Amino acid sequence: MPDSLSRRSTLTFYRRHPADGDVMAWLHERAMVAERAALGMDRKPLGLFIRDMGGVIQAGAVVWLYGPDAYIHVLWVDAPWRGRGLGAALLVAAENAAVAAGANRLYLSTMGFQGPDFYPRYGYESQGVFADFTWGHDRHYFSKTPLSVAPALALPAGLYLHRAEAPDPADVQAVENGLDAHWYLTIPDPYTELTVEAVDAGGVRVAGGLAVLDGAYLTLVDLAVVPLWRGKGLGRQVLGELERLGAEAGCRWATVMPMDYQCPDFFRAVGYARRMRVENYLLGQGRDWLRRAIGDE
């Protein structure tokens with residue numbers, strides 16, 4: 001889909017699919033500032049990588065630490081090693097690392113085709129299921145509390161666990177790429193990202209939005225408006241442009257997943273209906289999952 005733009009009053013809106021990397025970086029920076037202000041701390045990433053003797057990553061997990069809470073951002077085991085205890089070893093290592101960092105709760109999410117029955121075997125309780133999250137597949141949310149230290153699980157010969165307090169981005173990317181490859185064994189088409197930005201008459205970016213397009217499903221990732229422009233309807237305009245981009249690409253559904261500090265009432269006011277809520281998703285902050293139709297049903 002080619003880039004496009006529209007002008008309204010003193011603003012110019014740039015719509016890009018695939019996404020503009022500079023806009024993505026701008027949005028991520030603002031998302032981290034807002035998260036820090038709301039939660040009172042920065043997330044601390046931790047990498048847990050199972051490597052072979054050549055140093056190649058065969059499985060891995062990335063954990064975000066938030067004081068008393070911890071979140072498994074990603075957990076992946078390469079196909080030849082599945083069913084040999086690597087996933088359990090990573091899970092135990094993640095729990096032990098969380099306890100060492102002062103956390104007493106660990107939470108995560110996984111798709112229905114990624115083995116949601118695995119986590120209850122290790123004491124995880126369901127926090128909810130988002131039906132038909134994408135391509136007809138459900139997304140499952142789990143948490144475990146309290147956490148306690150457990151003996152590390154032995155790995156098969158020729159493998160070792162590498163713990164990284166500040167993981168190399170290339171190692172994190174390797175694990176994310178591995179999970180993506182597993183995802184595409186079930187999901188037929190690669191997802192893409194799209195951005196919308198609003199620029200004032202002086203060429204300054206004043207708002208932006210990022211969403212993931214996955215077939216008929218559009219999922220909002222970030223939406224930001226600079227303070228001077230808030231309360232003027234600009235957030236609605238950016239969201240509307242993202243939805244139009246999605247609809248033009250054949251999308252039928254738009255999903256948003258705001259924390260309490262991310263104004264879920266804003267999305268309800270523009271027609272999103274709650275599908276799921278967790279009251280204490282992270283550090284006492286609740287989270288809503290909302291959806292609305294944006295294309296032909």
Side-chain angles (χ1 to χ4, degrees), residues 31-32 35-36 38-53 55-78 81-111 114-127 140-180 182 259 278 280-285 287:
M32 292 299 96
E35 180 179 276
R36 184 185 311 119
L39 303 181
M41 66 179 66
D42 288 308
R43 67 175 66 162
K44 295 181 180 179
L46 173 71
L48 300 164
F49 307 108
I50 296 178
R51 301 178 184 270
D52 62 23
M53 292 307 159
V56 178
I57 296 173
Q58 303 297 334
V62 178
V63 182
W64 293 341
L65 302 169
Y66 293 93
D69 284 342
Y71 171 65
I72 297 182
H73 165 61
V74 61
L75 188 152
W76 162 80
V77 177
D78 199 12
W81 292 100
R82 289 176 196 151
R84 300 183 63 181
L86 274 65
L90 285 170
L91 199 58
V92 169
E95 293 175 11
N96 289 345
V99 172
N104 195 42
R105 184 174 67 145
L106 189 62
Y107 66 104
L108 56 90
S109 67
T110 190
M111 296 296 294
Q114 293 175 319
D117 57 334
F118 168 75
Y119 297 99
R121 297 203 300 266
Y122 293 91
Y124 286 78
E125 297 181 351
S126 175
Q127 297 300 303
H140 298 252
Y141 295 83
F142 294 98
S143 70
K144 180 177 180 177
T145 186
L147 299 176
S148 58
V149 175
L153 298 183
L155 295 174
L159 299 180
Y160 67 95
L161 178 67
H162 166 216
R163 171 174 167 159
E165 300 290 343
D168 187 322
D171 290 340
V172 173
Q173 190 64 59
V175 174
E176 292 178 345
N177 289 345
L179 192 64
D180 282 348
H182 180 261
M259 301 282 288
V278 174
N280 180 10
Y281 187 79
L282 176 62
L283 297 179
Q285 288 273 340
R287 188 173 193 179

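Note that the structure is a prediction, hence the values are computed from the model and not measured.
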Should Leu39 and Tyr66 be marked as a side chain to side chain contact (heavy atoms under 4.5 Å, CB included) after you check the CA-CA gap, both sets of side-chain angles, and the distance that decides it? CA-CA 9 Å; Leu39 303 181; Tyr66 293 93; 3.9 Å; yes
Do Leu90 and Ile50 pass the side chain to side chain contact (heavy atoms under 4.5 Å, CB included) test, and can you show the C-alpha distance, the side-chain angles, and the key distance before you say yes or no? CA-CA 8 Å; Leu90 285 170; Ile50 296 178; 3.8 Å; yes
When you measure from the side chain of Arg163 to the backbone N and O of Gly47, does any donor-acceptor pair fall under 3.5 Å? no
Distance from Glu165 atom CD to Leu46 atom CG, nearest 0.5 Å? 5.5 Å
Is Ser143 close to Asn280 at the side-chain level, that is, under 4.5 Å between some pair of heavy atoms? no
Under 4.5 Å between any side-chain heavy atoms of Val175 and Leu179, yes or no? no
Is Thr145 reaching over with its side chain to a backbone N or O of Asn104, donor-acceptor style, under 3.5 angstrom? yes
Ala170 to Asp168 - nearest heavy-atom pair and separation: N-OD1, 2.8 Å
Could you grab the distance from atom CD of Glu35 to atom CE of Met41, nearest 0.5 Å is fine? 10.0 Å
Is the terminal nitrogen or CZ of Arg105 (NZ for Lys, CZ for Arg) located under 6.0 angstrom from the six-membered ring centre of Tyr107 and within 45° of that ring's axis? yes
Separation of Tyr122 OH from Tyr124 OH (nearest 0.5 Å): 10.5 Å
Apply side chain to side chain contact (heavy atoms under 4.5 Å, CB included) to residues Arg36 and Arg43 and explain how you reach the verdict. CA-CA 8 Å; Arg36 184 185 311 119; Arg43 67 175 66 162; over 6 Å; no
Any side-chain to backbone donor/acceptor pair from Asp69 onto Leu282? Under 3.5 Å, distance only. no
Qualifying residues under side-chain hydrogen bond (donor to acceptor under 3.5 Å, both in side chains), relative to Arg287, sequence neighbours excluded: Tyr281
Side-chain contact test, heavy atoms from C-beta onward, threshold under 4.5 Å: evaluate it for Tyr119 versus Ser126 and give yes or no. no
Spacing of CG belonging to Leu65 relative to CG belonging to Leu106, to within rounding of 0.5 Å: 9.0 Å
Look at the side chain of Trp76 and the backbone N and O of Gly178, then say whether any donor-acceptor pair between them is shorter than 3.5 Å. yes
Where Leu155 and Leu86 come nearest, the two heavy atoms and their spacing: CD2-CG, 4.5 Å
Scanning both residues in full, the closest heavy-atom pair of Val172 with Pro167 reads CG2-CB, 3.8 Å
Can you name the nearest heavy-atom pair linking Ala93 to Leu161, along with the distance? CB-CD2, 3.9 Å
Report all side-chain donor-acceptor pairs from residues 56-63 shorter than 3.5 Å, counting only partners two or more places apart or in another chain.
residue: Gln58; atom: OE1; partner: Trp81; partner atom: NE1; Å: 3.3
residue: Gln58; atom: NE2; partner: Asp52; partner atom: OD2; Å: 3.0

Pairwise distance NE2(His140) to CD(Gln127) - rounded to 0.5 angstrom: 13.5 Å
Answer yes or no: is there a side-chain heavy-atom contact under 4.5 Å between Pro68 and Leu283? yes
Nearest 0.5 angstrom please: Leu91 CG to Lys144 NZ, how far? 6.5 Å
Would you name the heavy atoms of Ile72 and Ala94 that are closest together and state the gap between them? CD1-CB, 4.1 Å
Considering all heavy atoms, the nearest Gly55-Tyr160 contact: CA-OH, 4.1 Å
Parallel, tilted or perpendicular: which one describes the rings of Phe49 and His162, with boundaries at 30° and 60°? tilted
Is Gln114 reaching over with its side chain to a backbone N or O of Met111, donor-acceptor style, under 3.5 angstrom? yes
